[in-house]
Amino acid sequence: RHDTSPSGDPRDGESRGTRAQLSADSHVESRVRAQPALATPCPVLYDAREGVGAGCAMLVCGIDVGARSAKVVLLDPEAPAGFRHWLADTGHDPARTGRRLFDEALAEWGKTPSDVACTIATGYGRASLPFATQTITEITCHARGVRHHFPDVRTIVDIGGQDSKVIVVDDRGGVADFAMNDRCAAGTGRFLEIVARILDLDLDQLSEVAGQATQAAQITSMCAVFAESEVVGLLARGTPRQDVLAGVHASIASRIATLA
């Protein structure tokens, strides 16, 4: 099990944090940042506990700068079903990518930063966005978002680009507990990207091809490097790629299950 450090990032405190650090305020672990004065004050801002309130004539923005990709969502509280989102590779400079994606999103919607009431940043690169109003860990964001859409869910599995997490949520959407694998890429999206390249497939083809398997190949290595070698070896021995891919999926599922 891993717990948060005083910064709110589980990666910072996986060996020295205490569960109390997270449970003390499992809804919002944040650092409030200075934000330029708004041209038009917004009476109802984004509330991380209850979602978006009505009565705000301005936009709210969420930015998730992950290890692999960056995402921006712009939402009009007066028409929450009409949100728009943007996606880009994070690359080597998360701060630059986050800012660029934010600016591009606003430009496409014909808006400026002064039209945004508040900006919530999350993900691996959240601390690199000085223009954000508030930062919240991706663990808390997952919990609150899932509770909003699926109130009965109590367990969340997040397979990210560089790590995987299993999150237990309570009936209010707070984080009751979590565990994460951030030591090896074998159970992450990055590993799936590597496998897709080896199999000469696009990422969006993986599920379809794996569904054609007749017998999932056995992939036993717990290390991404050795698992990649296993995949290459299986292909060299004539194992159908759909069976190899089904084995990859089973291997990842088994790895995630150990976190539960």
May I ask you to decide if [Y]'s main-chain N or O and [X]'s side chain share a donor-acceptor pair within less than 3.5 Å?
| X | Y | value |
| --- | --- | --- |
| Asp202 | Gln205 | no |
| Thr97 | Asp93 | yes |
| Thr90 | Gly66 | yes |
| Arg84 | Leu75 | no |

Show the nearest heavy-atom pair for residues [X] and [Y], with the distance to one decimal.
| X | Y | answer |
| --- | --- | --- |
| Arg241 | Asp200 | NH1-O, 3.8 Å |
| Phe191 | Ala227 | CZ-CB, 3.6 Å |
| Ala143 | Ile156 | CA-CD1, 3.8 Å |
| Pro94 | Gly125 | CB-CA, 4.4 Å |
| Ile219 | Val248 | CD1-CG2, 3.4 Å |
| Ser164 | Ile256 | CB-CD1, 3.3 Å |

Using the rule that Ile, Leu, Val, Met, Phe, Trp and Tyr join whenever any side-chain heavy atoms are under 4.5 Å apart, tell me whether [X] and [Y] fall into a single cluster.
| X | Y | result |
| --- | --- | --- |
| Val175 | Phe150 | yes |
| Ile198 | Leu203 | yes |
| Phe226 | Val195 | no |

Would you mind reporting whether [Y] and [X] have side-chain heavy atoms less than 4.5 Å apart?
| X | Y | answer |
| --- | --- | --- |
| Ser69 | Leu87 | yes |
| Cys141 | Asp64 | no |
| Asp76 | Met58 | no |
| Leu192 | Ile252 | yes |
| Ile167 | Val157 | no |
| Asp163 | Tyr124 | no |
| Thr119 | Phe131 | yes |
| Val60 | Val116 | no |

Stepwise, does the side chain to side chain contact (heavy atoms under 4.5 Å, CB included) test hold for Leu206 with His249? CA-CA 9 Å; Leu206 297 186; His249 286 177; 4.2 Å; yes

Under the rule for salt bridge (Lys or Arg N to Asp or Glu O under 4.0 Å), what residues qualify as partners of Arg197, not counting sequence neighbours?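 Salt bridge (Lys or Arg N to Asp or Glu O under 4.0 Å) list for Arg197, sorted by chain: Glu228.
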
Output all residues satisfying salt bridge (Lys or Arg N to Asp or Glu O under 4.0 Å) with Arg68, sequence neighbours left out; order by chain, then residue number.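 By the salt bridge (Lys or Arg N to Asp or Glu O under 4.0 Å) rule, Arg68 matches Asp89, Glu193.
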
Point-to-point distance, once rounded to the nearest 0.5 Å, from [atom1] of [X] to [atom2] of [Y]:
| X | Y | atom1 | atom2 | result |
| --- | --- | --- | --- | --- |
| Asp103 | Lys111 | CG | NZ | 16.0 Å |
| Thr188 | Lys165 | OG1 | NZ | 10.5 Å |
| Leu59 | Thr112 | CG | OG1 | 9.5 Å |
| Leu74 | Phe83 | CG | CZ | 11.0 Å |
| Arg126 | Ile136 | CZ | CD1 | 10.0 Å |
| His142 | Thr122 | NE2 | OG1 | 7.5 Å |

For the pair Asn181 and Leu259, evaluate side chain to side chain contact (heavy atoms under 4.5 Å, CB included) and give the outcome as yes or no after the intermediate values. CA-CA 8 Å; Asn181 163 41; Leu259 298 177; 4.2 Å; yes

Restricting to side chain to side chain donor-acceptor pair (under 3.5 Å), what partner residues turn up for [X], sequence neighbours left out?
| X | result |
| --- | --- |
| Glu108 | Trp86 |
| Ser254 | none |
| Asp243 | none |

Identify every side-chain donor-acceptor pair in residues 229-238 under 3.5 Å, counting partners at least two apart or on other chains, and give the distances.
unit_1: Ser229; atom_1: OG; unit_2: Val225; atom_2: O; d: 3.3
unit_1: Glu230; atom_1: OE1; unit_2: Thr220; atom_2: N; d: 3.3
unit_1: Glu230; atom_1: OE2; unit_2: Thr220; atom_2: N; d: 3.1
unit_1: Glu230; atom_1: OE2; unit_2: Ser221; atom_2: N; d: 2.7
unit_1: Glu230; atom_1: OE2; unit_2: Ser221; atom_2: OG; d: 2.7

Would you check, one step at a time, whether the test side chain to side chain contact (heavy atoms under 4.5 Å, CB included) holds for Leu129 with Val65? CA-CA 9 Å; Leu129 305 177; Val65 180; 3.7 Å; yes

Would you find more than 12 non-hydrogen atoms of other residues, nucleotides or ligands less than 6.0 Å from [X] atom [atom1]?
| X | atom1 | value |
| --- | --- | --- |
| Glu208 | CD | no |
| Gln212 | CD | yes |
| Arg154 | CZ | yes |
| Asp204 | CG | yes |

Working note: Leu245 + Leu199, criterion side chain to side chain contact (heavy atoms under 4.5 Å, CB included); need CA distance, chi angles, decisive distance, verdict. CA-CA 8 Å; Leu245 190 52; Leu199 298 180; 4.0 Å; yes

